[in-house]
2 protein chains.
Amino acid sequence: MPKEPATDVAIVEDNAALGASLRKIVESAPECRCVGVWTSAEDALKKIDAFRPHVVLMDINLPGMSGIEATARVKQHLPDIQVIMVTVYRDHDKIFAALKAGASGYLLKRSTPADLRDAIRDVRSGGAPMSAEIARRVVEAFHQPVKAEPSGDEVKLSKRETEILELLCEGLANKEIADRLDISVETVRVHLKHVYEKLHVRSRTEAAMKFRDSKEEPRYPL
Amino acid sequence: MPKEPATDVAIVEDNAALGASLRKIVESAPECRCVGVWTSAEDALKKIDAFRPHVVLMDINLPGMSGIEATARVKQHLPDIQVIMVTVYRDHDKIFAALKAGASGYLLKRSTPADLRDAIRDVRSGGAPMSAEIARRVVEAFHQPVKAEPSGDEVKLSKRETEILELLCEGLANKEIADRLDISVETVRVHLKHVYEKLHVRSRTEAAMKFRDSKEEPRYPL
DNA sequence: GTTCGCATACCCCCCTTGGGGTAATCGACG
DNA sequence: CGTCGATTACCCCAAGGGGGGTATGCGAAC
């Protein structure tokens with residue numbers, strides 16, 4: 001077990017009582033030091049450069065700039081700072097917006113003091129602390145939609161068709177695709193007609209979108 | 001604190017010694033029962049229907065069908081079964097393939113017996129147990145690429161333009177978009193012209209693709 | 001050995017699309 | 001009050017795209 005490195009923690013929380021409570025919890029961890037309790041995103045952004053905490057506990061619902069936007073700004077300028085969201089929001093949008101903004105952890109406010117201290121240690125040692133409920137949602141975001149293909153049409157595009165579709169997705173016109181593949185425009189058109197039939201679409205844009213989606217969610221064999 | 005429900009656990013692991021070890025760990029948890037240790041994906045798929053475990057500990061590297069494909073098949077037919085991958089693989093592809101296949105947890109084989117028991121409880125109570133390193137990778141998958149826009153062209157699409165672009169992305173033709181928004185086709189064309197100019201593209205497909213990309217990585221204001 | 005899928009190519013027809021205008025309305029911002 | 005952006009609408013025109021054919025060569029499958 002590696003020895004715990006000292007950790008400077010900052011807290012961004014507009015509710016003064018809650019902020020004080022968080023500070024006490026942080027300071028009850030022997031390796032942690034609270035370098036600031038800031039009550040707004042704007043305040044935090046002004047002071048964070050000077051205090052350089054290792055970890056920030058960030059509320060989402062702040063007056064003025066949200067904790068999510070604040071996280072994005074912090075991570076942009078000081079990407080090594082680990083941000084843990086501490087919030088009551090359980091909804092999909094907030095969670096993923098926070099993660100996109102660069103948060104490394106996401107705790108619900110019902111978390112216990114011990115959870116919080118564990119989370120700070122976890123994030124310091126390369127983890128991503130999340131409340132169980134949040135972790136499940138994050139993992140589920142990767143799950144395949146259990147799509148029941150109504151008609152079992154296994155869409156099998158030929159190599160050439162796939163190639164053309166890929167170029168189509170770059171926004172190329174038929175003529176450009178033809179030039180790129182060194183074939184006739186007419187041939188490109190034929191391939192596309194087949195593709196439209198196979199994908200059940202009627203336009204290049206629709207085909208491009210469908211193809212794009214299928215690439216992002218490769219399906220496992222049944 | 002809700003009382004722990006009894007949990008039936010199955011293990012899929014081709015290494016007999018490791019399988020036995022996992023079984024012992026599972027059985028050392030008072031609320032857990034090991035209903036099977038199966039040495040191949042094929043074997044597991046045959047028997048899982050009869051044994052109906054609540055949780056499956058799944059190795060990835062199995063002879064024949066991989067644990068990832070097995071997970072996909074299990075989740076397809078018995079979506080309520082929680083699968084925890086237990087493996088040495090730390091690479092991006094394996095992790096995300098497993099999550100896409102429907103795994104709810106991902107533990108590295110260096111995990112302690114206590115970690116494993118915690119993971120089983122966690123997954124049973126709606127969590128998504130992951131080794132710290134894995135959790136971080138999963139969370140990082142959501143982080144914004146810190147892209148430096150080469151030319152600072154802040155593309156600001158109007159509300160209407162965005163609306164039209166969204167319908168465009170569904171593969172609709174101008175006429176269909178016009179009908180949907182109850183405006184003239186000509187107006188749709190005008191909006192699209194502006195969009196093309198703003199996005200620096202020359203066709204609907206190109207615009208759709210660019211828009212798609214930008215939606216997947218919404219940028220926070222700097 | 002014929003059939004089938006794939007890739008190639010060309011034909012016609014007609015609607016859609018993209019690029020160029022002009023212009024009215026409306027609200028916001030100086 | 002004038003101007004600007006957003007939204008609406010119309011015009012022309014040339015090129016592109018989608019749907020319907022037909023046809024040839026080739027390899028694989030039956």
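Here is the naming used below: chain letters follow the sequence lines, and residue numbers restart at 1 for every chain.
Nucleotides of DNA chain D with any atom under 4.0 Å from a heavy atom of chain B span, from 5' to 3', dA6(D) to dC12(D). On the nucleic acid side, DNA chain C contacts chain B at distances under 4.0 Å to non-hydrogen atoms, with the end points of that region at dT17(C) to dG20(C).
For the pair C34(B) and I11(B), the minimum side-chain heavy-atom distance is below 4.5 Å. When side chains are defined from C-beta on, F211(B) counts as touching T162(B), because their heavy atoms get closer than 4.5 Å.
For R204(A) and V190(A), each mapped to the nucleotide of DNA chain D holding its nearest heavy atom, the one lying further toward the 5' end belongs to R204(A). Judged by closest nucleotide on DNA chain D, S158(B) is the one of E186(B) and S158(B) placed further toward the 5' end.
Between R73(A) and E69(A), at least one side-chain N (NZ, or NE/NH1/NH2) sits under 4.0 Å from a carboxylate O, which counts as a salt bridge. A salt bridge between E206(A) and R204(B) is absent, with no side-chain N of the basic residue lying under 4.0 Å from a carboxylate O of the acidic one. With respect to the salt-bridge test (charged N to carboxylate O, under 4.0 angstrom), the residues E197(A) and K193(A) do not qualify. Between K109(A) and E13(A) there is a salt bridge, since a side-chain N of the basic residue sits under 4.0 Å from a carboxylate O of the acidic one. Ion pairing between a basic and an acidic side chain is recognised when a charged N comes within 4.0 Å of a carboxylate O; R110(B) and E133(B) show such pairing. Of the charged side-chain nitrogens involved, at least one lies within less than 4.0 Å of a carboxylate oxygen, so that R189(A) and E186(A) count as a salt-bridged pair. Salt bridge status for R160(B) with E163(B): present, with a side-chain N to carboxylate O gap under 4.0 Å. Using a 4.0 Å cut-off between charged side-chain N and carboxylate O, R137(B) and E140(B) make no salt bridge.
Within the nucleic acid shown, R189(A) comes within 4.0 Å of at least one base atom, counting heavy atoms only. Using a 4.0 Å heavy-atom distance criterion, V185(A) is classed as making no nucleic acid contact. As judged by a 4.0 angstrom heavy-atom cut-off over every strand, T187(A) is placed among the base-contacting residues. Residue-level contact check: H194(A) touches neither bases nor backbone, having no heavy atom under 4.0 Å from any strand. Residue contacts shown for K193(A) include a base, since a base heavy atom lies under 4.0 Å away.
Contacts of S21(A) classified as side chain to side chain contact (heavy atoms under 4.5 Å, CB included), with partners at least two apart in sequence or in another chain: I25(A).
The terminal axes of the helix from dG1(C)-dC30(D) to dG30(C)-dC1(D), fitted over 5 pairs per end, subtend an angle of 40° to the nearest 10°.
For DNA chain D, none of the residues of residues 171-182 of chain B falls under the heavy-atom distance limit of 4.0 Å.
With hydrogens and angles disregarded, a donor-acceptor distance shorter than 3.5 Å links the side chain of R136(A) to the backbone of V123(B).
A ring pair (Phe, Tyr, Trp, His ring centres under 6.0 Å) check over residues 47-73 of chain B, counting only residues at least two apart or in different chains, returns the pairs W38(B)-F51(B).
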